[in-house]
Amino acid sequence: MANPREIALKAIYDIEFNGAYSNMTLKKYLAVADERDKSFITALVYGTVDRKITLDYIIGNLSKLKIKKVSAYILIILRMGIYQLKYMDKIPDSAAVNESVKLARRYGHSASAGYVNGVLRNAVKFQIEYPKDKTEYFSVKYSFPINLCKKWTEDFGFEFTENMLRAFGESAPLTLRANTLKTTAEELAEKIRGNGIQAKVYGDAVICAGFDIAHDKLYLNGFYTVQDIAAQAAAEVLLPKPGDTVIDMCAAPGGKTTHMAELMNNEGKIYAFDVYEHKTELIKRNAERLGITIISTQISDGKKLNSELEGTADKVLCDVPCSGLGIIRRKPEIKWNREDTENLPQIQREILNNGAKYLKSGGEILYSTCTIENEENGAVTGAFLRDNKEFEKVYEKTYYPHIDNTDGFYICKMKRNK
């Protein structure tokens, strides 16, 4: 029988040192886990990755050895052990310590096991004292990079930032978008409750307790798509109508594309662009599962204009590549991997500018991101509107987890008047 803590260790190592995505990594490792252990492994992996700064702060207070000198596997074992001690109430302290020591002996040596044993036994009774500096306090308490805490306090103020950081540390709900071509949210909720799962209706969405959708017949038969409430707002605000011609500039994996098709009652035409063939194939599979036939996928870079489509679209969706800081609840590793975000606003502007050229007079374009950074949101759409006087802003909203109980998300709808 696979050891659940060892499975978590391997998954965290891949996320931390191999740059793997947490959701895809967990899916791979959970495939070899006992069904009874899956929720524990999931909580341990996400929690340990999410709370890295706090855990390292505790280790730093208890270890005579500097963290930089601790081997990768032993450091992860220490983090996992402390996470169980401090954040998982149902795990006995003895189990957290003893199982960590066993792992340390397997992935290190006898001295490693003794070191882990000593640190974790001291951690049992350790009461953390947070830094007095407000920004450092935020960083350690909520486990966010200090430069991000500093930026957000400057952008939003201390109270707003603390409430947002706290919300980002909470578990995100499983939200399903009912496929209105096949069912309603009320009917879907009833079917889910029939499987013994709690579910409540919110518009066309169903918010429910987590479960494995991969083998769920309702999912396989196309009754729903997993999609956060804020992300659902993109298609709902753009609101394409049956018979419209729509262009989705950055469509994979197809959540918003298929949502638009459902709103169009599967009547009209949607061109779904993506740079990679394997991603366009994913859009096709999602459309087929949902019973949608109006989506035409194209391998296309949104930064490059397809002159044949200029002036042809009633609606254009620009759900652009972004820093992803709004979905930290679902992918906590995002806050640690932010090196390649400096050029994003330029890329976003290029995609938006090209998308606007596809519109007919009177058509509408919606720009969206899954981030809360103004540089990628209002600054981009504001610059676009200043440079393109024929467009006017129709609607704009930023979603925040502590205010809207959703992912962080931004949408701005603009209309072409001539």
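Hydrogens, waters and symmetry mates play no part in the numbers below; they use all other heavy atoms, side chains included. Just so it is clear, the structure is predicted and the values come from calculations on it, not from any experiment.
Using modelled atom types and a 3.5 Å distance limit, the side chains of N266 and T293 yield a donor-acceptor pair. Donor-acceptor pairing under 3.5 Å is lacking for the side chains of Y107 and S71. In this structure, a donor-acceptor pair under 3.5 Å is absent between the side chains of W152 and E162. Inspection of the R166 and Y142 side chains reveals an N or O donor paired with an N or O acceptor under 3.5 Å. In this structure, a donor-acceptor pair under 3.5 Å is absent between the side chains of T369 and E376.
A centroid separation of 6.0 Å or more is found between the aromatic rings of Y410 and Y399. Ring centroids of Y271 and Y358 are separated by 6.0 Å or more, keeping the two rings apart. Aromatic pair Y219/Y224: ring centres closer than 6.0 Å. Residues F384 and F391 bring their aromatic ring centres within 6.0 Å.
A donor-acceptor pair under 3.5 Å is formed between the side chain of T258 and the backbone N or O of G255. Using a distance-only test at 3.5 Å, with no hydrogens or angles considered, a donor-acceptor pair links the side chain of D244 to the main chain of K241. Judged by distance alone, with hydrogens and angles left aside, the side-chain atoms of N117 form no donor-acceptor pair with the main-chain N or O of A113 at under 3.5 Å. No donor-acceptor pair closer than 3.5 Å links the side chain of D50 to the backbone N or O of Y46. In terms of modelled atom types and a separation under 3.5 Å, the side chain of N377 and the main chain of T371 share a donor-acceptor contact. Although no hydrogens or angles enter the test, the distance criterion places no donor-acceptor pair under 3.5 Å between the side chain of K256 and the main chain of L317. In this structure a side-chain-to-backbone donor-acceptor pair under 3.5 Å is missing from S139 to T135. Without hydrogens or angle criteria, R416 side chain to L359 main chain gives a donor-acceptor distance under 3.5 Å. A distance-only check finds a donor-acceptor pair linking the side chain of N179 to the backbone of L290 [under 3.5 Å]. At least one donor-acceptor pair closer than 3.5 Å links the side chain of N353 to the backbone N or O of R349.
Of the charged side-chain nitrogens involved, none lies within less than 4.0 Å of a carboxylate oxygen, so that K304 and E350 do not count as a salt-bridged pair. Salt bridge K151/E375: present, at least one basic N to carboxylate O contact under 4.0 Å. A salt bridge links K397 with D404: the distance from a Lys NZ or Arg NE/NH1/NH2 to an Asp or Glu carboxylate oxygen falls below 4.0 Å. We find that E364 and K315 are joined by a salt bridge, their nearest charged nitrogen and carboxylate oxygen being less than 4.0 Å apart. Between R193 and E190 there is a salt bridge, since at least one side-chain N of the basic residue sits less than 4.0 Å from a carboxylate O of the acidic one. One finds a salt bridge joining R79 and E16 here, because a Lys/Arg side-chain nitrogen approaches an Asp/Glu carboxylate oxygen to under 4.0 Å. The pair E281-R285 does not meet the salt-bridge criterion, since no charged nitrogen lies less than 4.0 angstrom from a carboxylate oxygen.
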- Task: Kindly determine whether T161 and F138 satisfy side-chain contact (heavy atoms from CB on, under 4.5 Å), including the steps that lead there.
- Result: CA-CA 9 Å; T161 298; F138 284 168; 4.2 Å; yes
- Message: Could you walk me through whether T25 and D14 satisfy the side-chain hydrogen bond (donor to acceptor under 3.5 Å, both in side chains) test, starting with their C-alpha distance in whole Å, then the side-chain angles of each, then the deciding distance to 0.1 Å, before giving a yes or no?
- Response: CA-CA 7 Å; T25 303; D14 275 359; 5.5 Å; no
- Evaluation steps, side-chain contact (heavy atoms from CB on, under 4.5 Å), between T184 and E187: CA-CA 5 Å; T184 66; E187 291 171 349; 3.2 Å; yes
- Message: Walk me through whether F40 and M88 qualify under side-chain contact (heavy atoms from CB on, under 4.5 Å).
- Response: CA-CA 9 Å; F40 167 73; M88 302 185 81; 3.6 Å; yes
- For E373 and S323, what are the C-alpha separation, side-chain angles and deciding distance, and is it a side-chain hydrogen bond (donor to acceptor under 3.5 Å, both in side chains)? CA-CA 8 Å; E373 299 288 79; S323 59; 5.6 Å; no
- Using the ring-ring contact (aromatic ring centres under 6.0 Å, His included) rule, take Y400 and F160 through it: C-alpha gap first, then chi angles, then the decisive distance, then the call. CA-CA 10 Å; Y400 297 98; F160 188 101; 5.0 Å; yes
- Message: Please evaluate residues V246 and V316 with respect to the criterion side-chain contact (heavy atoms from CB on, under 4.5 Å), reporting the C-alpha separation (whole Å), side-chain torsions for both, the decisive distance (0.1 Å), and the verdict.
- Response: CA-CA 6 Å; V246 179; V316 173; over 6 Å; no
- Query: So Y73 and Y13, ring-ring contact (aromatic ring centres under 6.0 Å, His included) or not? Walk me through it.
  - Reply: CA-CA 7 Å; Y73 278 114; Y13 184 92; 4.4 Å; yes
- Query: Between D274 and T280, is a side-chain hydrogen bond (donor to acceptor under 3.5 Å, both in side chains) present by the stated rule, with each step listed?
  - Reply: CA-CA 6 Å; D274 203 90; T280 59; over 6 Å; no
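For the atom pair I295 CD1 and T257 OG1, the distance stands at 5.5 Å (nearest 0.5 Å). The CG atom of L75 sits 5.5 Å away from atom CG of D56, with the distance rounded to the nearest 0.5 Å. Interatomic distance, C208 SG to I192 CD1, rounded to the nearest 0.5 Å: 5.0 Å. One finds the OH atom of Y130 at 4.5 Å from the CD1 atom of I128 (value rounded to the nearest 0.5 Å). Rounding to the nearest 0.5 angstrom, the gap separating the CD1 atom in I197 from the CG atom in D216 is 7.0 Å. Rounding to the nearest 0.5 Å gives a distance of 6.0 Å between CD1 of I82 and CG of L55.
Two residues are said to be in side-chain contact when any heavy atoms from C-beta on lie closer than 4.5 Å; T54 and K141 fail this criterion. In this structure, the side chains of F156 and N374 stay at 4.5 Å or more apart for every pair of heavy atoms.
For the pair K413 and Y395, the NZ or CZ position fails the cation-pi test of under 6.0 Å to the six-membered ring centre and within 45 degrees of the ring normal.
Every side-chain contact (heavy atoms from CB on, under 4.5 Å) that Y202 has, sequence neighbours left out, goes to I207, I229.
Counting non-hydrogen atoms of neighbouring residues, nucleotides and ligands closer than 6.0 angstrom, the CD atom of E170 exceeds 12 such neighbours. Other residues, nucleotides and ligands place more than 12 heavy atoms under 6.0 Å from the NZ atom of K269. Around atom CD of E129, no more than 12 heavy atoms belonging to other residues, nucleotides or ligands sit under 6.0 Å away.
Residues C412 and T381 approach most closely at CB-CG2, 3.9 Å, considering heavy atoms.
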